[in-house]
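One structure is given here, and the rest of the page talks about it.
It should be emphasised that the depicted structure is a prediction, and the values quoted were computed from it without experimental measurement.
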Amino acid sequence: MSECNISIIVNGEQHELTVEPRTLLVSALRDELGYTGANVGCETGRCGACTVRENSKTIKSCTRLAVQADGSEIETVEGIADNGDLTTLQEQFQEQHGLQCGYCTPGMLMTADTFLRENDDPTREEIREAIEGNLCRCTGYQNIVDAIEATADQLGGQR
Amino acid sequence: MSDADTNEATESATEPDGDGSGGTFGSAIKRGEDVPLLTGDGEYTDDISLRGMTHLAICRSDHAHARIESIDTSDAAAMDGVIAVYTGEDVVESGVPNTIPTAWDLPGLVQPQYRMLATDKVRYEGTGIAAVIAETPHAAHDALERITVEYEPLEHVTDPVEAVERDVPPVHDEAADNVAFDFELGEVDATDEAFADADRVASVDLRQPRIIPNAMEPRAALADWENATGKLRLWMTSQNPHLHRMLLSAGTLGLPENKIQVIAPEVGGGFGSKIYHYPDEAVTAWCSMQLGRPVKWQATRSESYLTDCHGRDHVTTGEIALDDDGTIRGVRVETHAGLGAQLSQFGTATPSYLYTTVLSGQYTIPAIHCRVIGAFTNTTPVDAYRGAGRAEGIYVIERLVDVGARELGIDPAELRRRNLVPPDEFPYESAAALVYDSGEYERAMDLALDHIDYDELRERQRELRDEDRYIGIGIGNFVESAGLSPSGLAGDLGAQAGGWESSIVRFDSTGSVTVLAGTADQGQGHRTTYAQIAAEELGLSVDDVDVVEGDTDRIPQGMGTYGSRSASVGGGSIARGAREVREKARRIAAHQLETSVDDLEFEDGEFRVTGAPDRSLHIQTIAHEAYLGHDLPEGMDPGLEETNFYDPENFTYPFGTHVAVVEVDPETGEIEIERYIAVDDCGEIINPMIVEGQVHGGIAQGIGAALYEGAVYDDNGHLQTRRMDEYAVPHSTQLPEFKTDNTVTPSPHNPIGVKGVGESATIAATPTMVSAVVDALEPFGVDHLDMPLTPESVWRATEGDQ
Ligand code: FES
Ligand code: FES
């Protein structure tokens, strides 16, 4: 199968790689580049465990081919902490017990982080709608909603 | 060690870290394990890569039932990047034992052959028949398309009643009628008499659909066979690495146990589905042994749907006999339980003992009889899913109490109250062969009902009905047998494994503590709760304690995490081990302080001489002394660690009451969940934050089963719900806000008084939700509705079409 050369920026770092045209972005990130934070839960765009940001918008990286991301800037969960310190959102996930097995967590964090950039004072219903595309089998979502709400409260529109 | 080193070590050991105050048991301590999970550093099986790693894809049958006539793998084997293709015959020829064993025997049980890859017949869609190893996952999956299998299709059956009653070709020749077992519990004559004597009888026919567990991380394995040493290392998504090691050794691969290392790294949820020894992980290991190269297998989500053991699948007729005053006289139940095409390890125990023994629920029922026919069907094997057996049993008794209340015209809360086992009757021996350890059922029930102002709400319900609005109040009382299990009792009932748990509590020589635990976490927070248990017993801070799980080479023995057992049995073992460590430390302290052990008080990690509190030694200093070994009591061995095996004397019995308030729109069949209250009593609470998290997740799965979920097979025996957009895992807008509360009734026989909480809420939530919806539909004459309660089924019911 013919292979393609692509170039993507991940968490600020430039990468050149050669992939098959059918290689999914999530596979390129995980298997070629070692960003194993994004997880694969369904490969059908349903679970959201593979959520990353592409050019500032969240995408499910199992629904993108790596070649489609050529030239894009990708942010993964590995890139959201400030210099290794947890962000307020990450801290609140820990504080509110918003994760159990952690498998959905990287995707949840990417979705929530992006959402809070757009809405810094959300209602609980808005939060629930924002994370509707991210499935979690462990928590029943309530503590995740608490964590996102608490983050918004703490940041209080300073973002 | 030089003198300087010794001094330094001694000094640091005299200064306990943190506040060293103990008192951590019962606090909502944040989970240390969260940090790597939040940064993407947590390592799940598929995150691990080894040099020279190859990839396995498994060719699976697309027939539900067929004879394999031929398998042609030559095209696949010739493809670029393909290293090898193996069939079931190759596995047979290799001479390995090749047997997936059952772990629970029952009288008269038919145990058909269960191989790693099928050779003769495929018995359910998804049966593994060949294995492709390739350099990349793409190459391996491409090659699957080029394997040609010729089948002679056979008639299939997916329903457990049809399997037994219709004349169909048997799933296994050994069981001509598809009956794997015919199980009975309780006294048939006494029950018949109770029914004859009682004023009234109410009954319900119900189905409990197949649930697919849907751990967010699909199963995976990475095997690394080292030819030179004859050792197999296997990373896998496991709830019980030691059990997997044992089953791989004795069942499938035939390697000595000490030549197998099973590692469960981070595991992304289990809910039962990662207990079992499936063929796939054994095939992964076997392929690595053939090739001498690492082999990785990562299930796709569709493979998970097809092959992860499903749960439930019961078809039941239940009857309840009552007197006019509301006294329950007896319960009679007959169930056909679908087992799937093969016996998974606990596939027999779950619908027999785990199910029938809770049929007394929270009630004093003098006579109970239950018959369960375990049926082979051409479907994915069925085994324990969160709540396993207890969920199905509590669902039956709670539905029966509700239909009984209707029959008598008694309020369903009142009927429950009149029959609760009173607090002074514990230990209570039920007619279903369990001895409940402790309970305050009415207290928990009242607390739950108070949260919704029950009586007022009933009033309001009546008023609203006049306005054609239909709210329903559902009540779910539950008690479950958790903490699997007392080994002797389990053995008497057919278990092929023990029910103990094991741990090591080890002081390191500089005063830190390592706990090695035989259980295995999949999100439950063991690393935090276990540290709390050990820190409490040793008077330390949780930061002094590191917990290690999930590696059979580091942790000598263990049974694993299932059946709500980790806190009670695993935690019980750690507490006992820590107490032994503390007592050894006490003897060293007494010796060095020249006093008797009886004259020492222990507080905040410090042994103090009674009446002379300035004469004291900290337990971390003693740890150092224990490893120095210079000045120990006569005859004492050096070191400060204990290995503990804890075999509980009984199950523990968590209980509680959940209450739901719903509004049903008869025009659309839509259900709106207005309130959800969970009152759980799981005995002593180690970490309230984690307990609440377990309750939340449990409710979500219980509501999922009641309203949304269910595996569906089509007329060809194909699984229709095989993708995440076809199987309804609840998402965030489909679940309400939960209100949780607790009562605390310690387990009298558990070393730390805990009962366990992993499954409680799933057990409670399903009957609670169904009770609420059926209650809302009372004006439409609806006594029962089968799950999932979709808008369509609700709407049909309001139209008089049940
Ligand atoms: S793996 Fe991408 S949405 Fe599930
Ligand atoms: S924490 Fe396990 S799936 Fe969300």
Side-chain angles (χ1 to χ4, degrees), chain A residues 1 20 22-23 27 30-31 34-47 49 76-81 84 86-87 89-91 93-106 109 124-125 127-145, chain B residues 28 30-31 33-44 46-49 136-138 213-218 266-271 298 300-302 521-525 689-690 692-701 703 723-725 729-738 761:
Chain A
M1 198 164 296
E20 285 183 37
R22 60 176 167 170
T23 300
S27 314
R30 290 177 50 83
D31 304 337
Y35 294 99
T36 54
N39 289 320
V40 179
C42 71
E43 322 100 6
T44 53
R46 195 71 182 180
C47 75
T76 69
V77 70
E78 287 95 337
I80 65 172
L86 298 185
T87 60
L89 179 68
Q90 287 169 315
E91 271 171 16
F93 265 69
Q94 183 183 28
E95 199 73 44
Q96 308 294 334
H97 192 28
L99 65 155
Q100 291 183 24
C101 79
Y103 201 74
C104 69
T105 310
L109 288 171
R124 291 181 73 81
E125 289 67 38
I127 295 170
R128 282 189 182 264
E129 274 162 28
I131 60 169
E132 201 176 25
N134 290 76
L135 295 179
C136 174
R137 190 60 156 169
C138 298
T139 65
Y141 303 105
Q142 186 160 320
N143 290 349
I144 295 176
V145 176
Chain B
K30 283 189 290 185
R31 302 197 326 168
E33 54 259 66
D34 285 351
V35 177
L37 300 175
L38 287 161
T39 55
D41 293 317
E43 199 162 68
Y44 299 90
D46 192 37
D47 296 346
I48 302 166
S49 290
T136 65
H138 277 154
N214 272 287
M216 276 299 132
E217 176 201 29
E266 293 296 344
V267 176
F271 318 114
Q298 172 61 64
T300 63
R301 178 55 61 183
S302 289
D521 184 277
Q522 320 103 53
Q524 295 90 340
M689 176 191 81
I690 287 176
E692 189 191 49
Q694 289 295 307
V695 171
H696 283 184
I699 299 170
Q701 289 183 10
I703 293 180
R723 290 161 47 112
M724 256 184 190
D725 49 5
V729 175
H731 52 73
S732 53
T733 54
Q734 288 180 309
L735 293 171
E737 301 278 333
F738 315 125

Donor-acceptor pair, side chain of A:Y141 and main chain of B:P730, under 3.5 angstrom: yes
B:L37 side, atom CG; A:Q100 side, atom CD - distance, nearest 0.5 Å: 11.5 Å
Engaged part of A:E125 at the chain B interface, taking heavy atoms whose separation is under 4.5 Å: neither
A:L135 versus chain B, the contacting section by heavy-atom distance below 4.5 Å: both
Residue pair A:C138 / B:F271: nearest heavy atoms and the distance that separates them: SG-CZ, 3.7 Å
Whether A:R137 side chain and B:P213 backbone form a donor-acceptor pair below 3.5 Å: yes
Check: B:H138 and A:T23 side chains under 4.5 Å, non-hydrogen atoms: yes
Spacing of B:M216 atom CE and A:C136 atom SG [to the nearest 0.5 Å]: 7.0 Å
Per-residue contact mode, A:T105 against chain B (heavy atom under 4.5 angstrom): side chain
pair A:R124-B:E737: side-chain heavy atoms closer than 4.5 Å: yes
B:Q522 versus chain A, the contacting section by heavy-atom distance below 4.5 Å: backbone
B:H696 and A:T139, any side-chain heavy atoms less than 4.5 Å apart: no
Nearest-0.5 Å distance, CD1 of residue A:I127 to OG of residue B:S732: 10.5 Å
Side chain, backbone, both or neither of B:V729 within contact of chain A (heavy atoms, under 4.5 Å): both
Which of B:G693, B:P36, B:A700 touches chain A most, by non-hydrogen pairs under 4.5 Å: B:G693
Top of A:S27, A:A38, A:G102 for chain B proximity - count of heavy-atom pairs under 4.5 angstrom: A:G102
Most chain A-contacting option - heavy-atom pairs closer than 4.5 Å, from B:V695, B:T136, B:N214: B:N214
Pairwise distance CD(A:E95) to CE(B:M689) - rounded to 0.5 angstrom: 8.5 Å
CA sep, side-chain torsions, deciding dist, call: A:Q94, B:L38, side-chain contact (heavy atoms from CB on, under 4.5 Å): CA-CA 8 Å; A:Q94 183 183 28; B:L38 287 161; 4.0 Å; yes
Heavy-atom pairs under 4.5 Å with chain A, option from B:D41, B:I703, B:V35, B:D46 with the top count: B:D46
Pairwise side-chain contact, B:D47 with A:N39, heavy-atom cut-off 4.5 Å (strictly under): yes
Least distance between heavy atoms, B:G40 atom then A:T36 atom: O-OG1, 4.3 Å
Which atoms of A:L99 approach chain B - backbone, side chain, both or neither, heavy atom under 4.5 Å: both
Side chain, backbone, both or neither of B:S49 within contact of chain A (heavy atoms, under 4.5 Å): neither
Straight-line distance of B:M724 CE to A:E43 CD, nearest 0.5 Å: 9.0 Å
4.5 Å side-chain heavy-atom contact, B:Q524 and A:C101: no
Among the listed options B:E43, B:E266, B:R723, B:Q701, the residue most often paired with chain A at heavy-atom distances under 4.5 Å: B:Q701
Distance-minimising heavy-atom pair for A:G41 and B:P218: O-CG, 4.2 Å
Rounded distance [0.5 Å steps], CD in A:Q142 versus CD in B:E692: 7.0 Å
Main-chain N/O of A:Y103 paired with B:Y44 side-chain donor or acceptor, under 3.5 Å: yes
salt_bridge(A:E91, B:K30) N-O dist < 4.0 Å: no
